[in-house]
Protein chains: 2
Amino acid sequence: MGILGPVNMREIARRAGVSCATVSRVLSGSSLVREDTAKKVRDVVSEAGFIPNPSAAMLKYGRSRTYGLVLPDLQNPFFGEFVGAFEDLLIDIDHEVLPISVQTSDKLVKSVRRMLMRQVDGAVLVSSEFDTGAVEPLLLRQIPLVTVDRRTVQIGCSDVSIDYELGFVEAVQHLKTLGHKRIGYIGGTKGPHTSEVRANAFEQAIRGAGLTFYPGLTRRGNYQVTGGEAAVVSLMKTSAPPTAIITANDLTALGAALGIHRLGLVVPRDLSIVGVDDLFLSEVVQPPLTTIRIPRKRLATACLQAMNYTKQNLERIGAEFSVPTQLIVRESTARPKSAPKKKSKR
Amino acid sequence: MGILGPVNMREIARRAGVSCATVSRVLSGSSLVREDTAKKVRDVVSEAGFIPNPSAAMLKYGRSRTYGLVLPDLQNPFFGEFVGAFEDLLIDIDHEVLPISVQTSDKLVKSVRRMLMRQVDGAVLVSSEFDTGAVEPLLLRQIPLVTVDRRTVQIGCSDVSIDYELGFVEAVQHLKTLGHKRIGYIGGTKGPHTSEVRANAFEQAIRGAGLTFYPGLTRRGNYQVTGGEAAVVSLMKTSAPPTAIITANDLTALGAALGIHRLGLVVPRDLSIVGVDDLFLSEVVQPPLTTIRIPRKRLATACLQAMNYTKQNLERIGAEFSVPTQLIVRESTARPKSAPKKKSKR
DNA sequence: CTGTTAGCGCCTTCAG
DNA sequence: CTGAAGGCGCTAACAG
């Protein structure tokens with residue numbers, strides 16, 4: 001079974017009575033080794049519990065078999081779930097993921113440094129700000145880049161966009177069918193481009209459905225519970241509050257639901273709420289949240305695809321990929337209470 | 001600024017007109033370099049954006065500056081939060097964390113292999129099953145180990161126990177004060193030792209408070225929402241259901257709350273619920289969950305402490321550390337509805 | 001088919 | 001104070 005201390009290849013070679021090269025060949029599955037020799041080597045390897053040192057290989061090849069994954073906030077369960085999905089994909093190709101959470105305070109610069117240290121073979125930047133200066137070192141070193149929802153490509157950098165437009169249209173249609181006319185929106189923070197993308201998708205969906213877009217029913221959140229709560233309170237205090245809102249993500253929606261509750265109101269009777277993400281907790285809360293699902297697996301797959309494309313076309317402009325979203329109707333949306341009354345003017 | 005392709009030390013040395021050794025000395029802060037030479041080198045280093053390749057250093061030293069962190073389930077937000085806390089600690093000492101989720105299906109063996117590959121300097125096993133055979137290779141290679149809630153130590157392996165006893169006593173006291181007498185429990189899966197620890201802590205707390213321990217009001221969950229829901233339904237169908245329950249973790253508690261809701265009942269009117277963990281979502285759900293908080297930072301700190309102890313006493317039996325818990329009272333617990341009626345026999 | 005050799009980038013003696 | 005040289009473990013040429 002096991003052994004004491006780290007065993008190296010030379011030691012394995014010695015025990016098997018062959019040279020390191022032969023051991024290396026056996027391990028890499030080369031067919032240029034006689035079967036009985038190979039078997040002998042394999043026996044020694046497994047008997048010693050030998051595991052090759054990847055640092056050595058990396059030193060030789062300059063490839064680390066790991067991809068950096070820059071996320072805005074690992075506290076948000078969505079990103080945790082996404083990391084898991086991405087990791088599963090990488091395991092199949094024997095790679096690793098280096099997840100890096102770029103909190104508000106630290107700069108992207110530091111995470112870039114960390115990736116450079118770990119010699120990542122590529123980096124995926126999810127919904128984060130794209131500070132050209134900060135990622136410069138990556139580009140200069142020819143490290144393939146993939147952004148999510150930046151909706152811009154450049155040499156050595158592809159983009160995967162999440163099709164919010166699709167989900168928002170479905171959501172607005174859903175609300176319209178229920179009878180909502182005054183639909184509000186609680187967005188994300190100012191920095192990341194995805195905030196604008198989501199806000200625009202909302203406005204377009206509203207107009208596309210033939211409804212009125214009320215700028216006064218729009219608020220900025222922070223992608224967290226706190227932001228959703230504060231925004232919904234502000235929204236409900238207006239003279240003509242919305243009967244339904246869509247939020248930039250589920251955490252914001254959960255915050256909004258909390259705010260409504262604290263106001264002594266109830267969801268969906270007093271306000272219908274639609275989130276974005278579909279956290280696995282969203283179907284567990286009361287009421288279960290109607291939300292626009294971002295499919296993690298498809299997103300992860302698209303990122304990997306984009307990565308491969310970029311890698312193979314490093315000299316060229318990156319490609320654009322897209323991932324669909326899907327409305328999941330649960331119980332946080334219902335017919336507006338006020339609407340019928342207003343209509344039936346008796 | 002940046003440069004093209006990976007730059008190595010020799011190149012820096014060349015540009016600065018010195019040798020690699022001098023560059024190395026400057027980078028490691030050796031004082032044996034003339035200040036003007038050092039400055040010259042530092043300028044070239046920062047101008048080239050040079051970052052030393054840790055693989056080379058690792059190859060030399062055999063230390064990877066990373067710790068493995070084996071968790072039962074990264075889907076559970078508690079572990080995500082814990083990884084973050086542990087990582088923060090490691091950043092300060094310039095180390096990294098390799099988080100590994102050991103799902104039900106895969107075996108611990110595989111994760112051990114992954115850690116061996118990455119040449120971790122140590123491993124923390126959180127609330128997982130401790131298969132002696134599987135971790136043997138770690139022990140044999142003299143890799144310091146820390147377990148959480150295994151409550152056993154051995155050569156080269158320390159333990160950090162979470163003081164559930166404390167939290168459960170507080171929780172039972174809280175429920176007793178509210179007037180509860182029939183308190184049930186929904187536990188964890190059979191494998192990990194922590195399940196027994198939590199179950200025993202519950203039973204002792206009940207008896208310690210002078211209440212009756214009803215084995216019939218005990219169920220097994222799976223640390224997930226589904227388990228909590230199924231268990232609570234089963235519990236409420238008994239002829240004499242509990243008026244309050246304590247669950248093995250917050251996810252289970254959330255599941256229980258969901259189950260109660262589906263049964264057409266309401267928390268805490270029909271059943272008071274106490275969780276364990278204090279997920280950041282637990283204060284956001286309706287009703288906010290009363291729960292026994294496991295402080296992540298303190299747990300992470302204790303793990304690191306334990307790791308350092310083990311490392312410095314590899315030949316000796318590990319030490320035992322403990323982390324306290326704390327009851328957080330919110331709104332999922334209240335006076336039982338039935339109790340007063342039963343008492344006032346009129 | 002198998003062994004020998006050189007070198008990946010860094011650090012650390014040992015000389016100068 | 002600074003330079004030259006060797007070696008960490010592995011692999012890919014190149015010999016045999």
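Note that these values count all heavy atoms, side chains included, but never hydrogens, waters or copies made by symmetry.
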Original post:
Taking CD1 from B/Ile12 and C1' from C/dC11, how many angstroms apart are they, rounded to a whole number?
Top reply: 16 Å

**OP:** Would you kindly give the CD1-to-P distance between B/Ile51 and C/dC10, to the nearest whole Å?
**Re:** 11 Å

Original post:
Can you pull the salt bridge (charged side-chain N to carboxylate O under 4.0 Å, His left out) pairs that have at least one residue in residues 307-322 of chain A, sequence neighbours excluded?
Top reply: none

Original post:
More 5' along DNA chain D: B/Val33 or B/Lys60, using each one's nearest nucleotide?
Top reply: B/Val33

What does the list of N/O pairs under 3.5 Å between the protein and nucleotides 14-16 of chain C look like, with a distance for each?
none

**OP:** Look at the side-chain N and O atoms of B/Thr37 and state whether any lies under 4.0 Å from the OP1 or OP2 oxygen of D/dT2.
**Re:** yes

**OP:** Give A/Val23 one of three labels, base, sugar-phosphate or nothing, depending on what nucleic acid heavy atoms sit under 4.0 Å from its own.
**Re:** nothing

Original post:
Under the side-chain hydrogen bond (donor to acceptor under 3.5 Å, both in side chains) test, which residues partner A/Arg25, sequence neighbours left out?
Top reply: none

Original post:
Between B/Ser55 and A/Met58, is there a donor-acceptor pair closer than 3.5 Å when you use the side chain of the first and the backbone of the second?
Top reply: no

Original post:
Applying salt bridge (charged side-chain N to carboxylate O under 4.0 Å, His left out), which residue pairs with at least one partner in residues 66-83 of chain B are found, sequence neighbours left out?
Top reply: B/Glu81-B/Arg296

Subject >> Closest to side chain of A/Arg10, choosing from C/dC10, C/dC1, D/dG9 >> reply: D/dG9

Subject >> Protein-nucleotide distance (A/Phe50, atom CZ; D/dG9, atom P), rounded to Å >> reply: 10 Å

Original post:
In whole Å, what is the span from the CZ atom of B/Arg14 to the P atom of D/dT2?
Top reply: 19 Å

**OP:** Answer with base, sugar-phosphate or nothing: what part of the nucleic acid does B/Thr22 contact at a heavy-atom distance below 4.0 Å?
**Re:** sugar-phosphate

Original post:
Starting at the 5' end of DNA chain C, which residue's closest nucleotide do you reach first, B/Ala21 or B/Leu59?
Top reply: B/Leu59

**OP:** Provide, to the nearest angstrom, the distance between the CE atom belonging to B/Met9 and the C1' atom belonging to D/dA5.
**Re:** 15 Å

Original post:
OP1 or OP2 of D/dG9 less than 4.0 angstrom from a side-chain nitrogen or oxygen of A/Asn53, does that happen here?
Top reply: no

Subject >> Any pair counted as salt bridge (charged side-chain N to carboxylate O under 4.0 Å, His left out), so long as it reaches residues 144-162 of chain A, sequence neighbours left out >> reply: A/Asp149-A/Arg151, A/Arg151-A/Glu165

**OP:** Output yes when B/Glu35 and B/Lys39 qualify as a salt bridge under the 4.0 Å nitrogen-oxygen rule, no when they do not.
**Re:** no

**OP:** Find the distance A/Met58:CE to D/dC8:C1' and express it as a whole number of Å.
**Re:** 15 Å

Original post:
Over how many whole Å does the gap from A/Arg63 atom CZ to C/dC8 atom P extend?
Top reply: 17 Å

**OP:** State which residues pass side chain to side chain contact (heavy atoms under 4.5 Å, CB included) with B/Ile51; sequence neighbours excluded, sorted by chain then number.
**Re:** A/Arg113, A/Leu116, A/Met117

Original post:
Rounded to whole angstrom units, what separation is found between the NZ atom of A/Lys39 and the C1' atom of C/dT2?
Top reply: 20 Å

**OP:** Choose from D/dC1, C/dT4, C/dC10 the nucleotide whose nearest atom is closest to any side-chain atom of B/Ala57.
**Re:** C/dC10

